[in-house]
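So you know, we letter chains A, B, ... as the sequences are listed, proteins then strands, and number each from 1.
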There are 2 protein chains.
Amino acid sequence: MAEAVERRKRYREQVRDEIKQVALGQIARDGAAALTLTGVAKEIGVSGPALYKYFAGRDDLLTELIVDSYASLADALDAAGSASAEAPARERLHAVARAYRAWAVAQPHRYLLLAGTPVPRYDAPAETVDRARAVLAPLLEILAAGRSWPRAEPLRAELAEWIAEVPAVADWVRDALGPAATTAPDVALAGVVTAWVRLHGVVSIEAVGLFNGMGLRPATVLALEMDALADAVGLD
Amino acid sequence: MAEAVERRKRYREQVRDEIKQVALGQIARDGAAALTLTGVAKEIGVSGPALYKYFAGRDDLLTELIVDSYASLADALDAAGSASAEAPARERLHAVARAYRAWAVAQPHRYLLLAGTPVPRYDAPAETVDRARAVLAPLLEILAAGRSWPRAEPLRAELAEWIAEVPAVADWVRDALGPAATTAPDVALAGVVTAWVRLHGVVSIEAVGLFNGMGLRPATVLALEMDALADAVGLD
DNA sequence: ACTGTTAGTTAGGGACTCTAACTCAAGTTA
DNA sequence: TAACTTGAGTTAGAGTCCCTAACTAACAGT
(Lines give C-alpha, C1' and ligand atoms only; values in the text may rest on other atoms or scores of the structure.)
Protein backbone atom coordinates (compact mmCIF):
# COMPACT_ATOMS: atom_id res chain seq x y z
CA MET A 1 0.00 0.00 0.00
CA ALA A 2 2.11 2.80 1.31
CA GLU A 3 5.11 0.90 0.15
CA ALA A 4 4.04 1.01 -3.46
CA VAL A 5 3.46 4.72 -3.28
CA GLU A 6 6.89 5.07 -1.81
CA ARG A 7 8.47 3.10 -4.60
CA ARG A 8 6.76 5.22 -7.18
CA LYS A 9 8.01 8.35 -5.53
CA ARG A 10 11.51 7.03 -5.54
CA TYR A 11 11.32 6.15 -9.22
CA ARG A 12 9.95 9.56 -10.02
CA GLU A 13 12.81 11.22 -8.24
CA GLN A 14 15.27 9.04 -10.06
CA VAL A 15 13.88 10.01 -13.43
CA ARG A 16 13.91 13.67 -12.50
CA ASP A 17 17.56 13.36 -11.62
CA GLU A 18 18.35 11.75 -14.92
CA ILE A 19 16.55 14.51 -16.74
CA LYS A 20 18.50 17.15 -14.89
CA GLN A 21 21.78 15.45 -15.57
CA VAL A 22 21.14 15.13 -19.28
CA ALA A 23 19.93 18.72 -19.35
CA LEU A 24 23.21 19.90 -17.84
CA GLY A 25 25.06 18.02 -20.52
CA GLN A 26 23.03 19.70 -23.22
CA ILE A 27 23.61 23.08 -21.64
CA ALA A 28 27.32 22.42 -21.72
CA ARG A 29 27.11 21.56 -25.40
CA ASP A 30 24.50 23.89 -26.82
CA GLY A 31 24.04 26.57 -24.21
CA ALA A 32 21.20 27.17 -21.82
CA ALA A 33 19.18 29.11 -24.36
CA ALA A 34 18.78 26.00 -26.50
CA LEU A 35 17.48 23.82 -23.70
CA THR A 36 14.15 22.14 -24.44
CA LEU A 37 12.34 19.27 -22.83
CA THR A 38 11.88 17.52 -26.13
CA GLY A 39 15.58 17.68 -26.78
CA VAL A 40 16.33 16.08 -23.43
CA ALA A 41 13.71 13.41 -24.07
CA LYS A 42 15.30 12.47 -27.34
CA GLU A 43 18.67 11.96 -25.69
CA ILE A 44 17.18 9.92 -22.89
CA GLY A 45 15.51 7.74 -25.48
CA VAL A 46 11.92 8.48 -24.66
CA SER A 47 9.30 10.23 -26.67
CA GLY A 48 9.08 13.97 -26.23
CA PRO A 49 5.89 14.63 -24.33
CA ALA A 50 6.77 12.05 -21.67
CA LEU A 51 8.94 14.51 -19.81
CA TYR A 52 6.12 16.98 -19.34
CA LYS A 53 4.90 14.66 -16.60
CA TYR A 54 8.04 15.51 -14.68
CA PHE A 55 8.55 19.18 -15.40
CA ALA A 56 5.96 21.76 -16.32
CA GLY A 57 8.22 23.14 -19.00
CA ARG A 58 11.65 24.37 -19.91
CA ASP A 59 11.56 27.24 -17.43
CA ASP A 60 10.65 24.92 -14.62
CA LEU A 61 13.58 22.67 -15.38
CA LEU A 62 15.93 25.60 -15.74
CA THR A 63 14.90 27.04 -12.41
CA GLU A 64 15.57 23.77 -10.68
CA LEU A 65 18.97 23.48 -12.28
CA ILE A 66 19.85 26.96 -11.11
CA VAL A 67 18.64 26.40 -7.58
CA ASP A 68 20.55 23.13 -7.39
CA SER A 69 23.67 24.83 -8.65
CA TYR A 70 23.46 27.59 -6.08
CA ALA A 71 23.10 24.98 -3.38
CA SER A 72 26.04 23.02 -4.69
CA LEU A 73 28.30 26.05 -4.85
CA ALA A 74 27.19 27.17 -1.40
CA ASP A 75 28.02 23.74 -0.04
CA ALA A 76 31.46 23.81 -1.58
CA LEU A 77 32.29 27.18 -0.06
CA ASP A 78 30.82 26.20 3.25
CA ALA A 79 32.92 23.09 3.36
CA ALA A 80 36.05 25.08 2.60
CA GLY A 81 35.18 27.58 5.30
CA SER A 82 34.52 24.91 7.88
CA ALA A 83 37.57 22.86 7.05
CA SER A 84 39.79 25.85 7.60
CA ALA A 85 37.96 27.13 10.65
CA GLU A 86 41.07 27.09 12.82
CA ALA A 87 43.41 28.64 10.27
CA PRO A 88 44.34 32.32 10.09
CA ALA A 89 41.81 34.49 8.28
CA ARG A 90 44.05 35.07 5.30
CA GLU A 91 44.50 31.38 4.75
CA ARG A 92 40.76 30.86 5.10
CA LEU A 93 40.13 33.48 2.45
CA HIS A 94 42.46 31.65 0.11
CA ALA A 95 40.78 28.36 0.90
CA VAL A 96 37.33 29.66 0.07
CA ALA A 97 38.61 31.34 -3.07
CA ARG A 98 40.21 28.12 -4.23
CA ALA A 99 36.98 26.26 -3.58
CA TYR A 100 35.02 28.85 -5.56
CA ARG A 101 37.34 28.58 -8.51
CA ALA A 102 37.56 24.80 -8.34
CA TRP A 103 33.79 24.49 -8.42
CA ALA A 104 33.51 26.82 -11.38
CA VAL A 105 36.35 25.37 -13.39
CA ALA A 106 35.12 21.84 -12.96
CA GLN A 107 31.80 22.75 -14.59
CA PRO A 108 32.04 26.10 -16.35
CA HIS A 109 28.60 25.89 -17.93
CA ARG A 110 27.08 25.52 -14.50
CA TYR A 111 28.95 28.55 -13.21
CA LEU A 112 27.86 30.54 -16.22
CA LEU A 113 24.32 29.46 -15.55
CA LEU A 114 24.55 31.37 -12.30
CA ALA A 115 26.77 34.27 -13.19
CA GLY A 116 27.00 34.38 -16.97
CA THR A 117 24.93 36.03 -19.62
CA PRO A 118 21.31 35.72 -18.50
CA VAL A 119 19.15 33.30 -20.47
CA PRO A 120 16.89 35.32 -22.76
CA ARG A 121 13.16 34.94 -22.32
CA TYR A 122 13.68 33.45 -18.89
CA ASP A 123 12.78 35.28 -15.71
CA ALA A 124 14.49 33.86 -12.69
CA PRO A 125 12.10 33.60 -9.76
CA ALA A 126 12.71 35.87 -6.81
CA GLU A 127 13.97 33.11 -4.56
CA THR A 128 17.21 32.87 -6.49
CA VAL A 129 18.33 36.19 -5.05
CA ASP A 130 18.39 34.76 -1.56
CA ARG A 131 20.18 31.69 -2.80
CA ALA A 132 22.86 33.86 -4.35
CA ARG A 133 23.32 35.75 -1.14
CA ALA A 134 23.66 32.55 0.82
CA VAL A 135 26.63 31.53 -1.28
CA LEU A 136 28.72 34.38 0.09
CA ALA A 137 28.03 33.70 3.75
CA PRO A 138 31.37 31.98 4.42
CA LEU A 139 33.20 35.02 3.09
CA LEU A 140 31.28 37.26 5.41
CA GLU A 141 32.41 35.35 8.44
CA ILE A 142 36.03 35.43 7.34
CA LEU A 143 36.13 39.07 6.41
CA ALA A 144 34.61 39.99 9.71
CA ALA A 145 38.14 39.60 11.00
CA GLY A 146 39.22 42.57 8.91
CA ARG A 147 39.03 46.30 9.32
CA SER A 148 38.04 49.04 6.96
CA TRP A 149 40.58 50.94 4.93
CA PRO A 150 40.44 54.49 3.61
CA ARG A 151 39.84 53.71 -0.05
CA ALA A 152 36.83 51.59 0.84
CA GLU A 153 35.09 54.35 2.74
CA PRO A 154 32.58 55.30 0.01
CA LEU A 155 31.59 51.69 -0.52
CA ARG A 156 31.28 51.10 3.20
CA ALA A 157 28.98 54.09 3.51
CA GLU A 158 26.72 52.89 0.73
CA LEU A 159 26.49 49.45 2.25
CA ALA A 160 25.77 50.87 5.69
CA GLU A 161 22.81 52.64 4.20
CA TRP A 162 21.68 49.48 2.47
CA ILE A 163 21.85 47.53 5.70
CA ALA A 164 19.90 50.22 7.46
CA GLU A 165 17.19 50.27 4.85
CA VAL A 166 16.70 46.61 4.05
CA PRO A 167 15.97 44.49 7.12
CA ALA A 168 16.52 41.22 5.25
CA VAL A 169 20.12 42.16 4.61
CA ALA A 170 20.67 43.24 8.17
CA ASP A 171 19.35 39.91 9.38
CA TRP A 172 21.48 37.98 6.98
CA VAL A 173 24.64 39.79 8.01
CA ARG A 174 23.88 39.38 11.70
CA ASP A 175 23.27 35.66 11.30
CA ALA A 176 26.38 35.04 9.29
CA LEU A 177 28.60 37.09 11.58
CA GLY A 178 27.35 35.39 14.68
CA PRO A 179 26.28 37.10 17.87
CA ALA A 180 29.74 38.11 19.08
CA ALA A 181 30.31 40.44 16.18
CA THR A 182 33.53 42.28 16.66
CA THR A 183 33.48 44.07 13.32
CA ALA A 184 30.78 46.37 12.06
CA PRO A 185 28.50 44.71 9.47
CA ASP A 186 29.12 47.35 6.85
CA VAL A 187 32.87 46.90 7.07
CA ALA A 188 32.60 43.14 6.66
CA LEU A 189 30.17 43.57 3.82
CA ALA A 190 32.51 45.91 1.97
CA GLY A 191 35.14 43.22 2.17
CA VAL A 192 32.74 40.59 0.89
CA VAL A 193 31.68 42.66 -2.06
CA THR A 194 35.28 43.29 -3.02
CA ALA A 195 36.17 39.64 -2.64
CA TRP A 196 33.19 38.59 -4.71
CA VAL A 197 33.99 41.02 -7.49
CA ARG A 198 37.55 39.79 -7.69
CA LEU A 199 36.58 36.15 -7.49
CA HIS A 200 34.11 36.60 -10.27
CA GLY A 201 36.57 38.62 -12.30
CA VAL A 202 39.17 35.89 -12.38
CA VAL A 203 36.84 32.93 -12.51
CA SER A 204 34.50 34.21 -15.17
CA ILE A 205 37.37 35.13 -17.45
CA GLU A 206 38.71 31.64 -17.05
CA ALA A 207 35.28 30.06 -17.50
CA VAL A 208 34.61 31.75 -20.81
CA GLY A 209 38.11 30.92 -21.98
CA LEU A 210 39.57 34.39 -22.27
CA PHE A 211 42.73 33.40 -20.45
CA ASN A 212 43.48 30.82 -23.11
CA GLY A 213 46.73 31.51 -24.84
CA MET A 214 47.82 34.00 -22.19
CA GLY A 215 50.88 32.70 -20.46
CA LEU A 216 49.54 32.82 -16.96
CA ARG A 217 47.88 30.51 -14.49
CA PRO A 218 44.51 31.73 -13.29
CA ALA A 219 45.28 30.38 -9.85
CA THR A 220 48.20 32.76 -9.64
CA VAL A 221 46.02 35.74 -10.43
CA LEU A 222 43.39 34.63 -7.97
CA ALA A 223 45.92 34.21 -5.18
CA LEU A 224 47.33 37.64 -5.91
CA GLU A 225 43.92 39.23 -5.79
CA MET A 226 43.02 37.61 -2.51
CA ASP A 227 46.34 38.51 -0.95
CA ALA A 228 45.92 42.09 -2.01
CA LEU A 229 42.51 42.15 -0.39
CA ALA A 230 43.80 40.52 2.76
CA ASP A 231 46.52 43.15 2.96
CA ALA A 232 44.01 45.93 2.52
CA VAL A 233 41.66 44.78 5.25
CA GLY A 234 44.51 43.64 7.47
CA LEU A 235 43.96 39.94 7.74
CA ASP A 236 46.62 37.95 9.55
CA MET B 1 30.68 53.23 -65.54
CA ALA B 2 32.90 53.41 -62.49
CA GLU B 3 30.37 55.69 -60.89
CA ALA B 4 27.63 53.15 -61.09
CA VAL B 5 29.83 50.52 -59.55
CA GLU B 6 30.62 52.95 -56.80
CA ARG B 7 26.98 53.62 -56.11
CA ARG B 8 26.27 49.93 -55.87
CA LYS B 9 29.08 49.48 -53.45
CA ARG B 10 27.76 52.27 -51.31
CA TYR B 11 24.29 50.81 -51.30
CA ARG B 12 25.64 47.42 -50.41
CA GLU B 13 27.53 48.84 -47.47
CA GLN B 14 24.44 50.65 -46.34
CA VAL B 15 22.38 47.49 -46.33
CA ARG B 16 25.09 45.61 -44.50
CA ASP B 17 25.06 48.28 -41.83
CA GLU B 18 21.33 48.03 -41.46
CA ILE B 19 21.58 44.28 -41.12
CA LYS B 20 24.20 44.61 -38.43
CA GLN B 21 22.19 47.14 -36.53
CA VAL B 22 19.05 45.05 -36.56
CA ALA B 23 21.09 42.00 -35.60
CA LEU B 24 22.42 43.80 -32.55
CA GLY B 25 18.90 44.61 -31.54
CA GLN B 26 17.88 41.00 -31.82
CA ILE B 27 20.89 39.93 -29.82
CA ALA B 28 19.85 42.32 -27.10
CA ARG B 29 16.37 40.83 -27.07
CA ASP B 30 16.88 37.14 -27.72
CA GLY B 31 20.55 36.51 -27.13
CA ALA B 32 23.32 35.86 -29.58
CA ALA B 33 22.59 32.15 -29.77
CA ALA B 34 19.21 32.85 -31.35
CA LEU B 35 20.58 35.05 -34.10
CA THR B 36 19.64 33.96 -37.62
CA LEU B 37 19.78 35.70 -40.93
CA THR B 38 16.17 34.85 -41.67
CA GLY B 39 15.09 36.41 -38.43
CA VAL B 40 16.90 39.62 -39.28
CA ALA B 41 15.38 39.59 -42.74
CA LYS B 42 11.90 39.38 -41.34
CA GLU B 43 12.44 42.41 -39.16
CA ILE B 44 13.94 44.39 -42.00
CA GLY B 45 10.93 43.53 -44.08
CA VAL B 46 12.58 41.51 -46.77
CA SER B 47 12.26 37.87 -47.59
CA GLY B 48 14.65 35.54 -45.86
CA PRO B 49 17.13 34.37 -48.46
CA ALA B 50 17.81 37.92 -49.61
CA LEU B 51 20.29 38.49 -46.84
CA TYR B 52 22.45 35.60 -47.92
CA LYS B 53 23.71 37.88 -50.64
CA TYR B 54 25.22 40.08 -47.96
CA PHE B 55 26.52 37.58 -45.43
CA ALA B 56 27.56 34.02 -46.02
CA GLY B 57 25.69 32.92 -42.95
CA ARG B 58 25.01 33.52 -39.30
CA ASP B 59 28.62 32.92 -38.28
CA ASP B 60 29.87 35.43 -40.77
CA LEU B 61 27.54 38.08 -39.43
CA LEU B 62 28.43 37.26 -35.86
CA THR B 63 32.13 37.51 -36.52
CA GLU B 64 31.70 40.93 -38.05
CA LEU B 65 29.65 42.13 -35.11
CA ILE B 66 32.33 40.95 -32.72
CA VAL B 67 35.16 42.53 -34.65
CA ASP B 68 33.26 45.80 -34.86
CA SER B 69 32.60 45.71 -31.15
CA TYR B 70 36.23 45.17 -30.31
CA ALA B 71 37.14 48.10 -32.48
CA SER B 72 34.51 50.28 -30.87
CA LEU B 73 35.63 49.43 -27.36
CA ALA B 74 39.26 49.94 -28.29
CA ASP B 75 38.40 53.36 -29.68
CA ALA B 76 36.60 54.32 -26.51
CA LEU B 77 39.53 53.39 -24.31
CA ASP B 78 41.99 54.99 -26.65
CA ALA B 79 40.05 58.22 -26.57
CA ALA B 80 39.97 58.21 -22.79
CA GLY B 81 43.68 57.53 -22.65
CA SER B 82 44.52 60.29 -25.09
CA ALA B 83 42.22 62.83 -23.52
CA SER B 84 43.91 62.35 -20.18
CA ALA B 85 47.42 62.15 -21.55
CA GLU B 86 48.64 65.00 -19.38
CA ALA B 87 47.01 63.88 -16.16
CA PRO B 88 48.71 61.87 -13.41
CA ALA B 89 48.79 58.15 -14.03
CA ARG B 90 46.24 57.38 -11.33
CA GLU B 91 43.73 59.75 -12.84
CA ARG B 92 44.36 58.27 -16.26
CA LEU B 93 43.68 54.81 -14.90
CA HIS B 94 40.37 56.02 -13.54
CA ALA B 95 39.53 57.68 -16.82
CA VAL B 96 40.12 54.53 -18.84
CA ALA B 97 38.21 52.45 -16.33
CA ARG B 98 35.26 54.81 -16.52
CA ALA B 99 35.33 54.63 -20.29
CA TYR B 100 35.40 50.85 -20.18
CA ARG B 101 32.44 50.69 -17.87
CA ALA B 102 30.52 53.36 -19.74
CA TRP B 103 30.91 51.50 -23.00
CA ALA B 104 29.75 48.25 -21.47
CA VAL B 105 26.83 49.67 -19.54
CA ALA B 106 25.51 51.55 -22.53
CA GLN B 107 25.19 48.30 -24.48
CA PRO B 108 25.50 45.31 -22.18
CA HIS B 109 24.63 42.77 -24.86
CA ARG B 110 27.53 43.99 -26.91
CA TYR B 111 29.91 43.70 -23.99
CA LEU B 112 28.64 40.22 -23.29
CA LEU B 113 29.23 39.35 -26.91
CA LEU B 114 32.91 39.97 -26.28
CA ALA B 115 33.34 38.79 -22.73
CA GLY B 116 30.22 36.85 -21.80
CA THR B 117 29.26 33.24 -22.17
CA PRO B 118 30.62 32.07 -25.52
CA VAL B 119 28.07 31.45 -28.24
CA PRO B 120 27.64 27.68 -28.62
CA ARG B 121 28.43 26.17 -32.01
CA TYR B 122 30.38 29.26 -32.96
CA ASP B 123 34.13 29.27 -33.26
CA ALA B 124 35.61 32.71 -33.16
CA PRO B 125 38.29 33.15 -35.80
CA ALA B 126 41.84 33.57 -34.61
CA GLU B 127 42.01 37.24 -35.47
CA THR B 128 39.75 38.13 -32.57
CA VAL B 129 42.55 37.32 -30.14
CA ASP B 130 44.66 40.14 -31.49
CA ARG B 131 41.69 42.47 -31.42
CA ALA B 132 41.12 41.66 -27.79
CA ARG B 133 44.70 42.38 -26.96
CA ALA B 134 44.57 45.70 -28.73
CA VAL B 135 41.78 46.84 -26.45
CA LEU B 136 44.08 46.84 -23.46
CA ALA B 137 46.87 48.84 -25.04
CA PRO B 138 45.96 52.12 -23.31
CA LEU B 139 46.18 50.42 -19.94
CA LEU B 140 49.63 49.15 -20.75
CA GLU B 141 50.91 52.62 -21.38
CA ILE B 142 49.44 53.92 -18.14
CA LEU B 143 50.61 51.09 -15.95
CA ALA B 144 54.09 51.42 -17.32
CA ALA B 145 54.36 54.26 -14.84
CA GLY B 146 54.04 51.78 -11.97
CA ARG B 147 56.41 49.44 -10.23
CA SER B 148 56.07 45.86 -9.16
CA TRP B 149 55.00 44.90 -5.69
CA PRO B 150 55.82 41.79 -3.69
CA ARG B 151 52.48 40.05 -3.96
CA ALA B 152 52.59 40.29 -7.73
CA GLU B 153 55.92 38.57 -8.04
CA PRO B 154 54.58 35.14 -9.13
CA LEU B 155 52.37 36.70 -11.77
CA ARG B 156 55.18 38.89 -13.01
CA ALA B 157 57.43 35.88 -13.37
CA GLU B 158 54.87 33.97 -15.39
CA LEU B 159 54.32 36.91 -17.68
CA ALA B 160 58.04 37.43 -18.14
CA GLU B 161 58.23 33.88 -19.39
CA TRP B 162 55.30 34.44 -21.69
CA ILE B 163 56.91 37.53 -23.17
CA ALA B 164 60.11 35.63 -23.66
CA GLU B 165 58.43 32.75 -25.42
CA VAL B 166 55.89 34.49 -27.63
CA PRO B 167 57.42 37.12 -29.90
CA ALA B 168 54.04 38.55 -30.84
CA VAL B 169 53.42 39.51 -27.25
CA ALA B 170 56.85 41.00 -26.85
CA ASP B 171 56.30 43.12 -29.94
CA TRP B 172 52.92 44.26 -28.77
CA VAL B 173 54.22 45.30 -25.39
CA ARG B 174 57.17 47.11 -26.88
CA ASP B 175 54.97 49.01 -29.30
CA ALA B 176 52.46 50.03 -26.67
CA LEU B 177 55.09 51.08 -24.18
CA GLY B 178 56.95 53.19 -26.64
CA PRO B 179 60.70 53.17 -27.20
CA ALA B 180 61.65 55.01 -24.02
CA ALA B 181 60.40 52.24 -21.78
CA THR B 182 61.25 53.04 -18.20
CA THR B 183 59.43 50.07 -16.72
CA ALA B 184 60.08 46.44 -17.51
CA PRO B 185 57.43 44.93 -19.82
CA ASP B 186 56.56 42.14 -17.44
CA VAL B 187 55.88 44.56 -14.62
CA ALA B 188 53.59 46.66 -16.75
CA LEU B 189 51.85 43.57 -18.03
CA ALA B 190 51.19 42.31 -14.53
CA GLY B 191 49.46 45.59 -13.80
CA VAL B 192 47.41 45.35 -16.97
CA VAL B 193 46.24 41.84 -16.21
CA THR B 194 45.20 42.87 -12.73
CA ALA B 195 43.42 45.93 -14.00
CA TRP B 196 41.64 43.93 -16.65
CA VAL B 197 40.49 41.27 -14.21
CA ARG B 198 39.07 43.89 -11.87
CA LEU B 199 37.45 45.86 -14.65
CA HIS B 200 35.79 42.76 -15.95
CA GLY B 201 34.78 41.69 -12.48
CA VAL B 202 32.83 44.83 -11.77
CA VAL B 203 31.52 45.45 -15.24
CA SER B 204 30.40 41.94 -16.03
CA ILE B 205 28.51 41.66 -12.77
CA GLU B 206 26.76 44.88 -13.59
CA ALA B 207 26.11 43.83 -17.17
CA VAL B 208 24.40 40.60 -16.24
CA GLY B 209 22.38 42.39 -13.59
CA LEU B 210 23.77 40.74 -10.48
CA PHE B 211 24.23 44.06 -8.71
CA ASN B 212 20.51 44.74 -8.99
CA GLY B 213 18.93 45.10 -5.62
CA MET B 214 22.26 45.49 -3.88
CA GLY B 215 22.50 48.89 -2.33
CA LEU B 216 25.68 49.97 -4.01
CA ARG B 217 26.76 51.88 -7.06
CA PRO B 218 28.97 49.93 -9.42
CA ALA B 219 30.97 53.06 -10.10
CA THR B 220 31.93 53.18 -6.45
CA VAL B 221 33.24 49.64 -6.53
CA LEU B 222 35.12 50.26 -9.73
CA ALA B 223 36.79 53.38 -8.36
CA LEU B 224 37.78 51.49 -5.25
CA GLU B 225 39.29 48.69 -7.25
CA MET B 226 41.30 51.02 -9.43
CA ASP B 227 42.53 53.03 -6.49
CA ALA B 228 43.62 49.88 -4.74
CA LEU B 229 45.58 48.89 -7.81
CA ALA B 230 47.08 52.33 -8.18
CA ASP B 231 48.22 52.15 -4.56
CA ALA B 232 49.76 48.75 -5.08
CA VAL B 233 51.80 49.71 -8.13
CA GLY B 234 52.53 53.14 -6.76
CA LEU B 235 50.87 55.43 -9.26
CA ASP B 236 50.86 59.11 -8.43
C1' DA C 1 -14.20 -7.21 -11.33
C1' DC C 2 -14.05 -1.96 -11.01
C1' DT C 3 -11.88 2.48 -10.31
C1' DG C 4 -8.28 5.78 -10.13
C1' DT C 5 -3.61 7.11 -10.90
C1' DT C 6 0.59 7.41 -13.32
C1' DA C 7 3.85 6.58 -17.32
C1' DG C 8 4.12 6.61 -21.70
C1' DT C 9 2.79 6.74 -26.77
C1' DT C 10 1.01 8.52 -31.26
C1' DA C 11 -1.01 12.26 -33.95
C1' DG C 12 -1.14 16.90 -35.35
C1' DG C 13 -0.74 21.95 -35.41
C1' DG C 14 2.32 25.61 -35.93
C1' DA C 15 6.60 27.75 -36.71
C1' DC C 16 11.17 28.22 -38.33
C1' DT C 17 15.67 28.00 -41.01
C1' DC C 18 18.17 27.50 -44.95
C1' DT C 19 19.08 25.66 -50.10
C1' DA C 20 17.75 25.79 -54.87
C1' DA C 21 15.93 27.66 -58.71
C1' DC C 22 13.85 31.49 -60.88
C1' DT C 23 12.50 36.61 -62.02
C1' DC C 24 13.59 41.21 -62.73
C1' DA C 25 16.08 45.44 -63.30
C1' DA C 26 20.19 47.91 -64.51
C1' DG C 27 24.51 48.48 -66.81
C1' DT C 28 27.85 47.16 -70.24
C1' DT C 29 29.38 45.89 -74.63
C1' DA C 30 29.08 44.53 -79.58
C1' DT D 1 19.49 48.48 -80.86
C1' DA D 2 20.18 43.87 -79.15
C1' DA D 3 22.52 40.55 -76.42
C1' DC D 4 25.21 39.57 -72.27
C1' DT D 5 26.42 40.03 -67.40
C1' DT D 6 25.79 41.10 -62.67
C1' DG D 7 23.44 41.57 -58.58
C1' DA D 8 19.05 42.00 -55.73
C1' DG D 9 15.27 39.85 -54.55
C1' DT D 10 11.31 36.40 -54.62
C1' DT D 11 8.82 31.93 -54.39
C1' DA D 12 8.89 26.99 -53.55
C1' DG D 13 10.28 23.18 -50.95
C1' DA D 14 12.84 20.02 -47.89
C1' DG D 15 14.06 19.23 -43.38
C1' DT D 16 13.66 20.22 -38.33
C1' DC D 17 11.86 21.13 -34.27
C1' DC D 18 8.73 22.06 -30.17
C1' DC D 19 4.78 21.51 -27.64
C1' DT D 20 -0.57 20.41 -26.88
C1' DA D 21 -4.19 17.05 -27.00
C1' DA D 22 -6.04 12.77 -26.86
C1' DC D 23 -5.38 7.99 -26.25
C1' DT D 24 -3.31 3.33 -24.37
C1' DA D 25 -1.06 0.30 -20.95
C1' DA D 26 0.23 -1.02 -16.44
C1' DC D 27 -0.58 -1.17 -11.75
C1' DA D 28 -2.48 -0.75 -6.89
C1' DG D 29 -6.38 -0.84 -3.97
C1' DT D 30 -11.37 -1.46 -2.95
Side-chain angles (χ1 to χ4, degrees), chain A residues 1-65 119-123, chain B residues 1-65 119-123:
Chain A
M1 42 167 97
E3 194 207 323
V5 113
E6 184 59 34
R7 188 175 45 194
R8 277 200 171 166
K9 223 169 187 154
R10 184 185 312 262
Y11 175 71
R12 192 173 169 64
E13 210 50 44
Q14 193 172 320
V15 173
R16 282 174 64 91
D17 279 350
E18 183 181 2
I19 293 172
K20 290 200 264 184
Q21 201 162 329
V22 170
L24 280 176
Q26 296 207 348
I27 287 176
R29 265 205 318 283
D30 308 329
L35 183 67
T36 62
L37 282 189
T38 308
V40 173
K42 183 166 300 179
E43 183 169 334
I44 289 184
V46 74
S47 270
L51 297 199
Y52 285 81
K53 307 274 171 156
Y54 295 90
F55 290 94
R58 187 206 67 147
D59 284 15
D60 204 43
L61 173 57
L62 208 48
T63 299
E64 197 151 326
L65 291 176
V119 180
R121 308 285 192 196
Y122 168 75
D123 281 326
Chain B
M1 42 164 89
E3 193 208 324
V5 117
E6 185 60 35
R7 187 175 46 195
R8 276 201 171 164
K9 222 167 188 161
R10 183 186 311 263
Y11 174 72
R12 195 167 209 304
E13 211 48 45
Q14 192 173 319
V15 174
R16 281 174 64 91
D17 279 351
E18 183 181 2
I19 293 172
K20 291 199 262 184
Q21 200 162 329
V22 171
L24 280 176
Q26 296 206 348
I27 287 176
R29 266 206 318 282
D30 308 329
L35 182 67
T36 62
L37 282 188
T38 309
V40 173
K42 184 166 298 178
E43 182 170 334
I44 289 183
V46 75
S47 270
L51 297 200
Y52 286 81
K53 307 273 172 152
Y54 294 90
F55 290 93
R58 187 206 65 147
D59 285 14
D60 204 43
L61 172 56
L62 209 48
T63 298
E64 196 150 329
L65 291 176
V119 179
R121 310 283 192 196
Y122 168 75
D123 281 325

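Taking 4.5 Å as the limit, every side-chain heavy atom of Asp123(A) sits out of range of all side-chain heavy atoms of Asp59(A).
Listed candidates were dA26(C), dC17(D), dC19(D). Nearest to the side chain of Arg8(B) is dA26(C). Of the listed nucleotides (dA8(D), dC17(D), dA7(C)), dA8(D) has the atom at the smallest distance from the side chain of Tyr11(B).
Using a 4.0 Å heavy-atom cutoff across all strands shown, Gly57(A) reaches no nucleic acid atom at all. Residue Thr36(B) is classed as a sugar-phosphate contact, given heavy-atom separations below 4.0 Å to backbone atoms only.
The separation between Arg58(A) atom CZ and dC19(D) atom C1' is 13 Å, rounded to whole Å. If you take NZ of Lys42(B) and P of dA15(C), they are 9 Å apart, rounded to a whole angstrom. Separating the CZ atom of Arg12(B) from the P atom of dG9(D) is a distance of 10 Å, rounded to the nearest angstrom. The interatomic distance linking Arg16(A) (CZ) with dT6(C) (P) rounds to 14 Å, in whole Å. Counting to the nearest Å, the C1' atom of dG8(C) and the CG atom of Leu37(A) are 15 Å from each other.
Here the closest non-hydrogen pair linking Phe55(B) and Leu37(B) is O-CD1, 3.7 Å. The shortest heavy-atom contact between Arg12(A) and Lys53(A) is NH2-O, 3.0 Å. The two atoms that bring Ala23(B) and Leu35(B) nearest to each other are CB-CD1, 3.9 Å, heavy atoms only. Scanning both residues, Pro120(B) and Ala33(B), for their nearest heavy atoms gives CD-CB, 4.3 Å.
Less than 4.0 Å separates DNA chain D from at least one heavy atom of each of the following residues of residues 44-53 of chain B: Val46(B), Ser47(B), Pro49(B), Ala50(B), Lys53(B).
A close approach under 4.0 Å does occur between a side-chain nitrogen or oxygen of Thr38(A) and OP1 or OP2 of dC19(D).
Between Arg8(A) and Glu13(A), none of the side-chain N atoms (NZ, or NE/NH1/NH2) sits under 4.0 Å from a carboxylate O, so this pair counts as no salt bridge.
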